[in-house]
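Okay, so here's the structure we're looking at.
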Amino acid sequence: MLYDIFIDPFVQMVEMPDFFLQVLWEGFVAGILYALIALGFVLIFKASGVFNFAQGIMVVFAGLTLVGLHENGVPAFLALILTIGVMGVLAYGIERVVMRPLVNQPDIILLMATIGLTYFLIGFGEFVFGGEPKRMIAEELGLPTGSTAFEMGERGLVILQHIDIAAAVIAIIMVTALGIFFNKTRIGRALRAVADDHQAALSVGISLNQIWAIVWFAAGLVALATGIMWGARSDVSFALEIVAFKALPVLILGGFTSIPGAIIGGLIIGFGEKIGEIYWGGLVGGGIESWLAYIIALIFLLFRPQGLFGEKIIERV
Amino acid sequence: AAEDGNYVPLLTYRTGPYAGSGIHIANGMNDYLQMLNERDGGIGGVKIVIEECETGYNAQKGVECYEATKGKNAVVYNPYSTGITLQLIPKAAVDKIPVLSMGYGLSAAADGNTFPWVFNVPDTYWDGASVAIKYIGEQEGGLENLKGKKIGYIFLDAGYGREPIPLFEQMAEKFGFELVKYAVPGKEMQNQSSQWLNVRRDRPDYMIMWGWGAMSPTAIKEAVKIRYPMDKFIGVWWSAGDDDAAAGGEGAKGYKAMNFSGVGSDYPAIQDIKKLVVDAGKSQTDPESIGSTLYNRGVLNSVIIAEGIRAAQQLTGKKVITGEDMRAGLETLDLTNERLAELGLTGFAHPMKVTCEDHAGSHPVFIQQWDGEKWAVASGWIEPMKDLVRPLLEAAAKDYAEKNAPWPKRTEACPN
Amino acid sequence: MFYREAGQFKTSYEADQSLFPIRQDRIGLAVILLVAFIVIPLTANDFFLTSIMIPFLVFSLAAIGLNVLTGFAGQLSLGSGAFMGVGAYAAYKLTSIFPDVNVIFLVLVSGVFSAGVGAIFGLPSLRIKGLYLAVTTLAAQFFLEWCFIRIPWLYNYNASGAIEIPKREMFGVTISGAEATPIARYFVVLVITVLIAGLIANVMRGRIGRSWMMIRDMDIAAELMGIRPLQTKLLAFAVSSYICGVAGAMMVFFWLNAAEPSSYSITLSFQILFMVILGGLGSIAGSFMGAAFIWILPVFLKFVPGAIGIEIGAETVEHLTFMIVGALIIFFLIVEPHGFARLWQIGKQKLRVWPFPY
Amino acid sequence: MNAIISNNELPQDDFAVEREDLLRVDNVSLSFGGVKAITNISFDIKKGEIRAIIGPNGAGKTSMLNVINGFYHPQEGTITWQGKVRRKMKPYEAASQGIARTFQNVALFKGMTTLDNIMSGRSLKMRKNFFLQMAWIGPARTEEIEHRKKVEEIIDFLEIEAIRKTPVGRLPYGLQKRVELGRALAMEPDLLLLDEPMAGMNLEEKEDMSRFILDVNQEFGTTIALIEHDMGVVMDLSDRVVVLDYGKKIADGAPGDVQASQAVIDAYLGVSH
Amino acid sequence: MTKPNDAQTVDAGAETILSVNNIEVIYDHVILVLKGVSLTIPKGGIVALLGANGAGKTTTLKAVSNLLRAERGEVTKGKILFDGDEVQSLSPNELVRRGCIQVMEGRHCFGHLSIEENLLTGAYTRKDGAAAVRADLEMVYNYFPRLRERRQSQAGYTSGGEQQMCAIGRALMSRPKMILLDEPSMGLAPQLVEEIFEIVKQLNDNEGVSFLLAEQNTNVALRYATYGYIMESGRIVLDGDAKALRENEDVKEFYLGVGGEGRKSFKNVKHYKRRKRWLA
Ligand SMILES: Nc1ncnc2c1ncn2[C@@H]1O[C@H](COP(=O)(O)OP(=O)(O)OP(=O)(O)O)[C@@H](O)[C@H]1O
Ligand SMILES: Nc1ncnc2c1ncn2[C@@H]1O[C@H](COP(=O)(O)OP(=O)(O)OP(=O)(O)O)[C@@H](O)[C@H]1O
Ligand SMILES: [Mg+2]
Ligand SMILES: [Mg+2]
């Protein structure tokens, strides 16, 4: 038993380095994909202190819109542009109908409002697109398919899916772009101000309406990217919404307000989860992935209650 | 609503995470019954009153649908979810409405003596599991050659996927192969890379899958990704959807699955459906999906319902029957080749017969293979290993009755 | 006009501290209880009892449980579904170990197990706060759910992996299992829910309830006034989980009859959370209102079109239901962010000044 | 009239000799990262006195109170409470030893009514357990009513009868401060720490508040440490004053003396009052 | 509303920067807080709004700056004119852009932002370039040297007074024409109180900024203000030139604490219940 826990896994890692590398790669890809979802959450949290429960469904919604348009004969790239437009309209609508009347309310109320939004989008999305899963038009969008295998040793093989590489590249570009946008611009500072105190932000002349429309739109774009990437992995269906839960530990681990935190958190969870499941999961019957991420996050939190890069929780009287 | 017809509530799901599979089933069930209404004016001269109730594959909503519809003289329930089936089993005897769980649900319910109100023709999961192993044995040139082989089992980590495990384990011992299990948690359906990494490491000779909803297409994609030989990958009949296989693209070519309902749309009855129902705009079915595996599965389900009603009408001489009549009818169900031919469904299914003792019947199953675009039959009818399955079934039924003591004794007379 | 407290004078602190100091409120409560205990049983059909009233009461109780933790003690929890599951599995095991003991007693005892589990998962709350605390409760949720699947002992090694409720009687009346009549089950659920709601209302107006609210409103100040944060939070976790556990056990024993692990999934946790927030954080009456909204409204919407003879597909109804419920959630939050309970209060206040506004 | 001596060796005046120390702070230093909030401060609070702590903004006054009731833990120095050196303790332990306070930024329990807020001050004095509370009838109720009587006295005393049932979040600032005082009083503390109790009040209200503070001090014999920026109030109410500036003590003594000190005028008062 | 009131606003438009006409404010749809309040602030004036706790000063200021909505309050009657335009329907940020900014009671700094970032958010609506903003930042630091020392600290951890300075400094950063100051002196050391009012005076003299001050510290407020209004229970009960108010016997007694025989000691205040009120 002790051997199984403390020695065997490491022996395996050394004996089958190709496989270990593959595990690391899968962990990396999973981490990147989680990070993409988490990024959407971070944007909105950073800008309003709202935990946007609807991010998961926005991912589905964006993916379905894209595929749905294509199915109706719109060329792939035009469909992409139209989808971006739809996300813009959605952002404006959310700002107008949900956020604006609820300014200055406690976080939990805003969270609840995004849950209402989730319900609405589920119903609306299924109403428009039906509940059937749809195939992502990855190829049509020019995303690479296929895979490359690297030989290692005699029978070793590390297989890299091109789509995964594309996902990683896109994620890194988005994170950098958003990071710069939010940290280096006037709007970035305003965002953080809004998250701290809506009323005070209003009083210094920050237009919450404008800020919210911008971030919801940005979150919509992230959702679209996420939808494309996740959709290419499995299918675009409402079941994808469940995957969004995976963003929670990532988010919490990285800290709700940090864009790099989303990536680092994603990677920690991705690596931890894959390695844990593959090398230790078998000991308890497998499937530990469903909670391992939370336990990893929990352990980190016990040392840093605000997450790795989160803003310190201010305690003062 | 039901005074002038036989009321058949259909618990379906066209929404939620399992909608991808559920929609086709729902369409198939609905269309066949409608076709009977259109073509024959129903069954035995009375119309079938069809009502769908959306469950979203959620047990609570399923029960709610049941409660809302049972009072309208429902004749039979098809829950299409193991979870809902389990809730309905004890209620069936009390409310006197049979439950037809075709090829799913509680395997033990095949024991008609313990579960007079539950039917799971044509097969239980244990039948399926035994067929899978038998087929692999055939591929290897005999069951004795299974010795030393490694067979992987990837399953949805829920009652559904776990049920076949005892039989697999028993067979592993008996035939000397090694069973490796890969559980896919429901929440991780679309995120199976760990499981498939493990498959890659363990290199099983064959893979068997018990998947549903979004799990199946994802698994097939992942299998393609790790370059698993697809012709050694066999799914249960619920992982046999066209969309499931299509998701894997080119690479999915060669994937196999068990099936017990016909492939394709060349059957006269199905052509009738197309003409009278779908083309007439009376259904939501996408014409292209007619003849797909899950659609046909839905059709077969309705065939059994219809035949059950007909049998009940003959048995009782009534036109509008009750749940109790239906139960008796189902127990005399005998779907012969001749009858299938009459129905315009020659070769659509293996003949099936229900007896009072055996509500499943362990009917033969065939294997189909994906050719990159559609399914093609890849084997003859394979008999389940009844000798293994039946004792297990009976033991399970006994166990169920004990655990749920006091479980009522069968009081229903055997109609034949 | 009708809702006036003028003229009602309280002469003792006892009277002032009673749960319903205003006479109209007392009358209202009496009417509600009368309806619940007499009118409904006399008039309702099976569907109403089984699909509306029983689930509504079970969910109300669960919402009260979560409200204790989130609404009163301010600790966000997304694990109530799993704690309900602990109660359900514990009760199931207890009935199979002690087949002769009264099942209601066992259901009430089962809550003790979830209280224990809840308290364990409450430990990190000393350090982790707010949304971050969600991670602990989520860990509880997913870990426990996994246990329900992976520990076959919990479901007596059933092949189906589910728990099924055996038939049990009390005073010669079958109260659990499929044969139990909806009326019998309704009464059991009603009595337990009303009882626990009453007891918790008592706790809330005393020292312990106050200490929870102190932690919620300003934990630092509470600590500076002598409240021990860990003890207080753990007690809240335990009490909340106890109630959720009992609700979970009732859910399978008196409503569903059988349950799979997925019955206690995160979806359930969220459902309960919605009820609490929409009903009003920190209000027991609100828990009932929230449960009514989240449970009864969709059922109602689902069967309305059929009842009034409109032909639309079952799934369209479902889609519309989702959209309407979603829109209503947002609508009500905009009208009154503090939930139905506050809406009700404001309504009363308006009534008080009626017909002269302000 | 004597010069203010700004180190720790204060001449013992009559007032100090008569009474014993309730609390002593010796050489306490506290810093946050680079910020030194308190540097090597010593002073004492005698039983029964009103001790004012004044100083410019950011001088470390609030931090001092936080140290006294255990919310901050100083890096150096000792605190002696009723003659015994106190170990590092949690705020709730300090509270149970009899230290109560009000806060600079009102820290009421926003979701509760005035009555409940003040009742919450009695938490430490109430004992009945969970199960008794559940039953309500019987001991728990008797206890509750007993304490309610005390609380009503306080409400009466502070003249806030009218807002008894109002949720405190809706009260104007000044009343919130008063409720907060009530809450602290309900703890029946030995030492009451008041952090700017009169900020944001007009004259009339300040007069009322002064009256309350004096009454508490005289009628209940409660020792009070008071931070306040209104010099009129400080001069009139306090027995002794300690002055902080940039975390250091710059003066300590009788109000009149302190007010006359040039160091205090430069650092704090500006134009003389 | 009466005719003269209307007439007044029309012809006063020229030199009035802000006029509040007979407004009513209701919170939560049921709590009537302001019962017809009218104020006029001349361009370049410093007007003090005095009154006891809960009189409605804060509410009046929020009504002007349109922050009531965020508190579920609304103006149900009356008109507010800023710089000649009706502003009730404008968003708060539009008001700031037009030059009317509020310093909220109770500080409301952005706790997670550093002091400097807090100040910079004040310049959010400005479009006149980074250099000008930097210059103003310098100006604020010169007014409040303490802030310069703490510029990198998170505002949430600074002392109460530091936060107050930060809030005022932040408002100055928007280069307003008019500032609504809600209890600026609260929690500030006496020296600083004087300084703040000196700053107010300077801004008023040099840049022509107008002020509406809600203050409890009547003494200082009336020294610096040109005009004063006294509120009670949601109504204006007295108004007049600051000088006249300072001389008013009632004001002297209840707000300035100088009865007939000079300042009385807080120690000797009698414990008596409510005193005379202008309104019963
Ligand atoms: N959000 C709110 N909801 C309900 N009532 C409120 C709200 N805000 C203020 N009030 C009420 O409005 C009245 C006026 O409050 P306001 O804050 O304007 O007074 P103020 O004159 O600024 O007092 P202070 O000097 O204490 O700041 C008070 O009675 C208060 O209870
Ligand atoms: N938790 C903390 N972290 C960092 N710095 C702190 C913390 N607490 C206080 N400080 C700093 O210590 C110094 C003293 O703060 P304190 O609150 O004690 O001042 P104060 O004397 O009460 O001032 P005021 O009269 O303005 O309230 C301030 O500069 C403040 O920024
Ligand atoms: Mg301070
Ligand atoms: Mg105010």
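Numbered from 1 within each chain, the chains take letters A, B, ... in sequence-line order.
In terms of non-hydrogen atom pairs under 4.5 Å with chain E, the most contact-rich of Glu196(D), Glu228(D), Met209(D), Met198(D) is Glu196(D). Highest contact tally toward chain E, considering only Val35(D), Leu171(D), Ile227(D), is held by Val35(D) [criterion: heavy-atom pairs under 4.5 Å]. Annotation: maximal heavy-atom pairing with chain D below 4.5 Å, among Gly187(E), Gly54(E), Gly161(E), Gly160(E), occurs at Gly187(E).
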Before you tell me yes or no, could you show the steps for Asn57(D) and Met165(E) under side-chain contact (heavy atoms from CB on, under 4.5 Å), namely the whole-Å CA-CA distance, both residues' side-chain angles and the distance that decides it to 0.1 Å?
CA-CA 10 Å; Asn57(D) 296 113; Met165(E) 299 179 225; 3.9 Å; yes
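Nearest heavy-atom pair, Ser159(E) versus Gly58(D), reported as atom, atom and distance to 0.1 Å: OG-N, 3.2 Å. Of all heavy-atom pairs spanning Met186(E) and Ala199(D), the tightest one is CG-CB, 3.7 Å.
Proximity to chain E is limited to the backbone of Leu175(D), based on heavy atoms less than 4.5 angstrom apart. For Lys61(D), no part lies near chain E; criterion is any non-hydrogen pair under 4.5 Å. Looking at Glu149(E), only its side chain comes within 4.5 Å of chain D, counting heavy atoms on both sides. Looking at Asn219(E), there are no atoms closer than 4.5 Å to chain D (heavy atoms on both sides), in backbone or side chain. Ala267(D) touches chain E through its backbone: at least one of N, CA, C or O sits under 4.5 Å from a heavy atom, while the side chain does not. Only the side chain of Leu192(E) comes within less than 4.5 Å of a heavy atom in chain D; its backbone stays farther off. Heavy-atom distances place no part of Val106(D) under 4.5 Å from chain E, backbone and side chain included. Heavy atoms of Asn217(D) lying under 4.5 Å from chain E are absent altogether. For Glu105(E), the part lying under 4.5 angstrom from a heavy atom of chain D is the side chain only.
Environment of CZ in Arg72(E): crowded, with over 12 heavy atoms of neighbouring residues, nucleotides or ligands closer than 6.0 Å. More than 12 heavy atoms of other shown residues, nucleotides or ligands fall within 6.0 angstrom of atom NZ in Lys35(E).
Interatomic distance, CE of Met231(D) versus CD of Gln191(E), reported as 12.0 Å (0.5 Å rounding).
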